[in-house]
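Treat the numbers as computed from the prediction; the structure is a model and nothing was measured.
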Amino acid sequence: MKEITRAAIAIVVVCIILFGVNKYLNQSSGNASSDTLTIFNWGEYIDPDLISQFEEESGYRVVYETFDSNEAMMTKIEQGGTSYDIAVPSEYAIEKMKENDLLQEIDHSKIPNLSNIDPYFLDLAFDPKNKYSIPYFWGTVGVVFNPSLLDGQTFDSWESLWDPSLEGEVLLVDGAREIIGMGLNSLGYSLNSTDEKELLEATAKLKELTPNVKAIIGDEVTQLMINEEASVAITFSGQAADMMWENEGLDYSVPEEGSNLWFDNMVIPKTAANVEGAHEFINFMLDAEVAAQNADYVGYSIPNTAAIELMDEEVTSDERFYPLEEARENLEVYKNLGLEMLGKYNELFLEFKMSAN
Amino acid sequence: MQTKTTKAFYLIPYYVWIVLFVVAPIALIAYYSFFDLSGNFTLDNYQNFFTSVYLKLTLSSFWYAFLITFFTLLIAYPTAYLLTKTRHKQLWLLLIIIPSWINLLLKTYAFIGIFGLYGPVNAFLNVFGLEETQILFTDFSFVFVSVYIFIPFMILPIFNSLDKLNPSLMDASRDLGASSWTTFSKVILPLTINGVKAGIQAVFIPSLSLFMITRLIAGNKVITLGTAIEQQFLVTQNWGMGSTIAVFLIIFMVIIMIITGQRDKGAYANGKNK
């Protein structure tokens with residue numbers, strides 16, 4: 001009995017010490033006060049040098065945290081455990097966050113650098129007049145492929161994916177919107193379709209793709225393509241840029257029938273503790289030189305005209321990553337279809353996945 | 001010197017634990033399963049579960065869980081038997097257990113490299129003049145990795161029951177003229193069946209809800225109930241449907257527990273008293 005009591009006391013003491021140490025560490029890393037700025041961003045989505053530069057210029061201390069899906073990010077902001085001052089959701093997530101009243105309005109007078117942004121990317125349907133969000137990066141969904149492993153196929157059309165010669169070669173991204181959307185696009189329908197018949201048709205078409213499917217995965221795609229484990233993958237443009245950076249033999253194409261055009265944007269959550277600092281940060285990131293440096297580091301396409309002028313022309317004239325406006329006409333932005341419809345998409349995607357084996 | 005009250009006092013933490021972390025979560029899951037997306041009370045989720053998608057899902061989950069358990073048992077039983085015959089039992093046992101201390105995800109990621117087209121397995125096959133074959137993202141790789149991960153959980157209970165076996169029983173069986181097979185099937189197996197059952201429980205039940213391995217090793221071509229629950233909560237945000245699948249998973253688990261449970265109460269009590 002004595003030993004048990006002693007052990008119990010020891011455990012309690014250790015817990016108290018660990019709790020104290022944890023608290024001390026948190027304090028020294030500073031949590032939610034007026035001289036810190038807490039940023040919540042995707043992984044590998046900013047040049048870390050810019051954070052130190054911003055700290056120097058503004059005097060704020062930056063706490064930087066990352067997330068790996070819009071859903072996870074929203075859940076964390078909704079819980080409100082940490083008061084994030086800046087978050088970077090995608091367009092459909094912004095619509096949802098607006099609905100749930102998680103965002104605060106951005107004061108444009110505090111962001112003079114907004115004039116650097118290409119008007120094409122302003123005042124879009126998901127956030128009229130950019131009341132709640134400022135564009136950060138944008139891109140497309142397309143096909144990254146390895147010509148040396150293929151015999152001359154190009155992916156100007158989604159149809160090429162169904163080619164029998166690609167048996168067991170195609171990697172798909174594990175996202176219901178992306179894949180069902182691709183099926184819809186390949187049939188010439190809108191990727192925001194809510195028409196039952198079109199959706200079923202798209203799923204049936206996707207099921208025919210299954211012999212060619214190698215796997216349906218997430219970020220592991222990057223490594224597999226770099227190592228030439230597969231010859232074709234459906235992925236996001238920025239991820240494709242990463243792969244092409246590592247393996248110069250790869251190429252990227254956005255099929256002509258249409259695809260997804262997406263935007264990631266900076267927002268200020270309702271729970272922000274340092275609203276002033278958040279505005280300063282947004283303005284800082286829109287600065288031409290800063291944005292150019294950031295785009296060089298991250299590899300995604302920026303909406304910042306002034307920055308594009310400063311960048312290497314070889315990069316910015318690459319129509320695979322900076323498609324011309326005419327080419328963008330075939331691209332569609334995801335609309336928030338509501339949870340009901342998202343569930344439907346997901347069930348169809350599940351059905352497709354189950355037929356993949 | 002303990003009175004009844006002090007005994008009851010010591011039980012309080014236990015009851016608090018059970019209520020907070022066992023009863024309450026299960027009750028919450030059951031509760032959530034009766035609500036649809038907009039928070040209305042409904043039985044639709046249950047009806048939805050009986051559509052072809054989810055039924056197929058359940059069947060395929062069971063099929064893969066069965067395969068995994070079968071192969072794990074096939075390897076674990078002889079291994080456990082040999083272990084009891086070795087001189088440094090505890091050392092060998094430790095060597096088998098140590099890999100289970102390593103994080104599951106880490107081991108899984110390692111297999112992506114090992115099974116890759118240019119990984120060591122294919123390099124090895126190349127030596128024998130075989131061409132590179134696709135190993136990753138197949139049924140084989142999925143079952144292989146799962147079996148690898150679950151083996152310690154099957155070996156341990158079987159080892160324990162084999163170790164407790166009185167060797168003179170086997171000698172007696174041989175003396176009386178039984179062949180090796182008869183000795184095994186009539187003496188060893190019946191006396192260690194509880195270990196086997198415990199092992200099956202420890203492997204089959206978690207196999208039903210595997211989800212990380214299905215993505216990383218099977219490339220989402222194998223879908224289990226676990227994947228479906230994860231998707232419902234994280235992507236679709238349909239907590240009701242996710243909970244409903246979880247409720248069925250719990251029901252399946254209870255059924256398995258009953259089937260593989262120790263029916264012979266006397267033997268159970270004996271084992272416990274040892």
- Mind checking whether B:Arg215 and A:Glu220 have side chains closer than 4.5 Å, heavy atoms only?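 They are in contact (side-chain heavy atoms under 4.5 Å apart), so the answer is yes.
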Could you tell me if the side chain of B:Ile223 sits less than 4.5 Å from the side chain of A:Leu350, heavy atoms only?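 Result yes, sub-4.5 Å side-chain heavy-atom pair found.
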How about [atom1] on [X], more than 12 heavy atoms from neighbouring residues, nucleotides or ligands closer than 6.0 Å, or not?
{"X": "A:Lys98", "atom1": "NZ", "value": "yes"}
{"X": "A:Trp262", "atom1": "CH2", "value": "yes"}
{"X": "A:Tyr45", "atom1": "OH", "value": "yes"}
{"X": "B:Phe144", "atom1": "CZ", "value": "no"}
{"X": "B:Tyr32", "atom1": "OH", "value": "no"}
{"X": "B:Phe41", "atom1": "CZ", "value": "yes"}
{"X": "A:Asp219", "atom1": "CG", "value": "no"}

Hey, is the main chain of B:Gly219 close enough, under 3.5 Å, to the side chain of A:Lys214 for a donor-acceptor pair?
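No.
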Handout entry: Proximal component of B:Asp36, with respect to chain A [non-hydrogen, under 4.5 Å]
Key =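 It is neither, since no heavy atom gets under 4.5 Å.
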Tell me, side chain or backbone of B:Gln134 under 4.5 Å from chain A's heavy atoms, or both, or neither?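 It is the side chain, since no backbone atom gets that close.
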### Message
Counting only non-hydrogen atoms closer than 4.5 Å, does A:Lys344 touch chain B with its backbone (N, CA, C, O), its side chain (CB onward), both, or neither?
### Response
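Neither part; nothing is under 4.5 Å.
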Engaged part of A:Leu224 at the chain B interface, taking heavy atoms whose separation is under 4.5 Å
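Only the side chain of A:Leu224 comes within 4.5 Å of chain B.
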_Set out, in order, the CA-CA distance, both residues' side-chain angles and the distance that settles side chain to side chain contact (heavy atoms under 4.5 Å, CB included) for A:Glu347 and B:Asn48, then state yes or no._
CA-CA 11 Å; A:Glu347 230 150 73; B:Asn48 205 2; 3.8 Å; yes
_Looking at every heavy atom in both B:Tyr118 and A:Asn227, which two are closest together, and how far apart are they?_
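B:Tyr118 and A:Asn227 have their closest heavy atoms at CE1-O, 3.3 Å.
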- prompt: For the residue pair A:Ile216 and B:Asn220, what are the closest heavy atoms and their distance?
  reply: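 The pair with the smallest heavy-atom distance is O-ND2, 2.8 Å.
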Got a second to check how far [X]'s [atom1] is from [Y]'s [atom2], nearest 0.5 Å?
{"X": "B:Thr227", "Y": "A:Asp174", "atom1": "OG1", "atom2": "CG", "answer": "9.5 Å"}
{"X": "A:Glu340", "Y": "B:Asn238", "atom1": "CD", "atom2": "CG", "answer": "8.0 Å"}
{"X": "B:Tyr10", "Y": "A:Ile4", "atom1": "OH", "atom2": "CD1", "answer": "8.5 Å"}

- Item | Options B:Met241, B:Gln231, B:Gln232, ranked by heavy-atom pairs under 4.5 Å with chain A, top entry |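 If we count pairs closer than 4.5 Å to chain A, B:Gln231 comes out on top.
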task: Taking heavy atoms only and a threshold strictly under 4.5 Å, list by residue number the residues of residues 54-62 of chain B that touch chain A; give 'none' if the list is empty.
output: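 Residues B:Tyr54, B:Lys56, B:Leu57 are the ones that qualify, each having a heavy atom under 4.5 Å from chain A.
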